[in-house]
Amino acid sequence: MSSIGTGYDLSASTYSPDGRIFQVEYALKAVDNSGTAIGIRAKDGIVLAVEKLVASKLLVPGSNKRIATADTHIGIATVGLLADTRHIVNRTRDEAQQYRDFYKQAIPGKIIAERVAGYVQAYTLYSSVRPFGVSTIIGTMDKSGPSLFVVEPSGVHYGYFGCAVGKGRSVAKTEIEKLKFSELTARQAVKEAAKIIYSIHDEVKDKDFELELSWVCEESGGKHQFVPKDLFDEAEAAAKAALNADMDED
């Protein structure tokens, strides 16, 4: 009975006999039904990349972006339910603004990750709400340097050198583990991120996608922004060339 969630998946506040909370597991399934997002912590900054699946050819290119700015030094990449994404982004912006108003300085990466994780975890405690169907990557740059965090639908958060969430996270993590983070610059990380996103996309099974790339690094002046168009085009061209080369070898 408990193995399939019958009777124990009606509320996020109910444990199954084997100690599982099925509503949280279902939220993770919602994340897996979306695209893939990755974050790379280079020696001089953070790079975020998202495989944004395009549901319809009628959609305007660039709409419903999966990467957002929460504060001048904070970038967010998400996968999962888009409406939940907007809520998480707005909450992160509120937390960053409240900290800035009270302490008169930008919020550190570790604190914003803790606050967002605490907010997400609160939605796993009550029967009147449901967990967020979103996994969030938070990249920041402050006086202590770059930092990268992931907040899961359960409310847990971890710090990473490189991370991946979403449908293709397993393959993406394998590729990210090959990188030498201590030697990697943000500009190089942009190209590596584009290659990873293109390599994990399945053209047969998946829908068309748009690549989103952003960074917060020394080259961007410590501000989160989408990568310049010339660098984006260069990274995307290199990713497609590498993908075609791999296909020719096969």
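The chain is numbered in sequence order, starting from 1. Keep in mind the model is a prediction, meaning the values are calculated, not measured.
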Checklist entry - Same hydrophobic cluster for Ile74 and Trp215, using side-chain heavy-atom links shorter than 4.5 Å among ILVMFWY? => result no
Next on the checklist: Donor-acceptor check, side chain of Gln188 to backbone of Thr185, threshold 3.5 angstrom: yes or no?
Outcome noted: yes
Checklist entry - Would you find more than 12 non-hydrogen atoms of other residues, nucleotides or ligands less than 6.0 Å from Phe209 atom CZ? => result yes
Checklist entry - Going by distance alone, is a donor N or O of one side chain under 3.5 Å from an acceptor N or O of the other, for Thr78 and Thr85? => result yes
Item to check | Step-by-step side-chain contact (heavy atoms from CB on, under 4.5 Å) determination, Thr14 to Phe22 | outcome: CA-CA 8 Å; Thr14 303; Phe22 285 101; over 6 Å; no
Item to check | Expected output: side-chain Lys52 to main-chain Ile67 donor-acceptor under 3.5 Å | outcome: no
Checklist entry - At what distance, to the nearest 0.5 angstrom, does CZ of Arg66 lie from CD of Glu212? => result 8.5 Å
Item to check | Arg20 and Tyr8: CA distance, side-chain angles, deciding distance, side-chain contact (heavy atoms from CB on, under 4.5 Å) verdict | outcome: CA-CA 9 Å; Arg20 296 162 65 184; Tyr8 298 99; over 6 Å; no
Checklist entry - At their closest point, which heavy atom of Asp44 faces which heavy atom of Ala186, and how far apart are they? => result OD1-N, 2.8 Å
Next on the checklist: For a quick check under 3.5 Å, do Glu152 and Ser135 share a side-chain donor-acceptor pair by atom type?
Outcome noted: yes
Checklist entry - How far does CE of Met141 sit from NE2 of His73, to the nearest 0.5 angstrom? => result 11.0 Å
Checklist entry - CG/Leu211 to OH/Tyr198 distance, rounded to the nearest 0.5 angstrom? => result 5.5 Å
Checklist entry - What are the two closest heavy atoms between Arg130 and Asp84, and how far apart are they? => result NH1-OD2, 2.9 Å
Checklist entry - Are Phe149 and Glu114 close enough that some pair of their side-chain heavy atoms sits under 4.5 Å apart? => result no
Checklist entry - Considering only heavy atoms from C-beta outward, does the side chain of Tyr119 approach that of Phe132 to under 4.5 Å? => result yes
Item to check | Check: Ser170 main-chain N/O paired with Thr174 side-chain donor or acceptor under 3.5 Å | outcome: yes
Checklist entry - Which distance, rounded to the nearest 0.5 Å, do you find between the CD1 of Ile200 and the NZ of Lys195? => result 15.0 Å
Checklist entry - Side-chain contact, heavy-atom cut-off 4.5 Å: Ile138 with Val151? => result yes
Next on the checklist: Could you go through Lys191 and Glu234, starting from their C-alpha distance and side-chain angles, then the distance that decides it, and tell me whether this counts as salt bridge (charged side-chain N to carboxylate O under 4.0 Å, His left out)?
Outcome noted: CA-CA 8 Å; Lys191 297 178 181 179; Glu234 182 182 348; 2.7 Å; yes
Item to check | Any side-chain heavy-atom pair of Asn33 and Leu81 under 4.5 Å | outcome: no
Checklist entry - Under 3.5 Å, is there a donor-acceptor pair between the side chain of Arg169 and the main chain of Gly166? => result yes
Checklist outcome for this item: What one should report as the nearest heavy-atom pair of Ile176 and Cys163 is CD1-O, 3.3 Å
Next on the checklist: Could you measure the distance from the OG1 atom of Thr36 to the CD1 atom of Ile197? Nearest 0.5 Å is fine.
Outcome noted: 6.0 Å
Next on the checklist: To check you understand the geometry: which heavy-atom pair defines the closest contact between Ala77 and Val50, and what is its length?
Outcome noted: CB-CG2, 3.8 Å
Checklist entry - Without hydrogens or angle criteria, can the side chains of Thr140 and Ser147 be said to hold a donor-acceptor pair below 3.5 Å? => result yes
Checklist entry - Quick one: do the Ser214 and His224 side chains pair a donor with an acceptor below 3.5 Å? => result yes
Checklist entry - Where do Gly35 and Val79 come nearest, in terms of heavy atoms and distance? => result O-CG1, 3.6 Å
Next on the checklist: Strictly distance-based, threshold 3.5 Å: is any side-chain N or O of Ser34 a donor or acceptor partner for the main-chain N or O of Val31?
Outcome noted: no
Item to check | Expected output: side-chain Thr69 to main-chain Asp71 donor-acceptor under 3.5 Å | outcome: no
Checklist entry - Would you say Lys110 has more than 12 foreign heavy atoms packed within less than 6.0 Å of its NZ? => result no
Next on the checklist: Checking Asp101 against Gln97 for the side chain to side chain donor-acceptor pair (under 3.5 Å) test, could you report, in this order, the C-alpha distance in whole Å, the side-chain angles of both residues, the deciding distance, and whether it holds?
Outcome noted: CA-CA 6 Å; Asp101 291 343; Gln97 186 61 52; 2.8 Å; yes
Item to check | Minimum heavy-atom distance Ala194-Ala235, with the two atoms named | outcome: CB-O, 3.7 Å
Checklist entry - Atom CZ in Phe232, atom CZ in Phe226: separation rounded to 0.5 Å? => result 9.5 Å
Item to check | salt bridge (charged side-chain N to carboxylate O under 4.0 Å, His left out) between Glu95 and Arg91, worked out | outcome: CA-CA 6 Å; Glu95 291 287 355; Arg91 179 67 186 192; 3.0 Å; yes
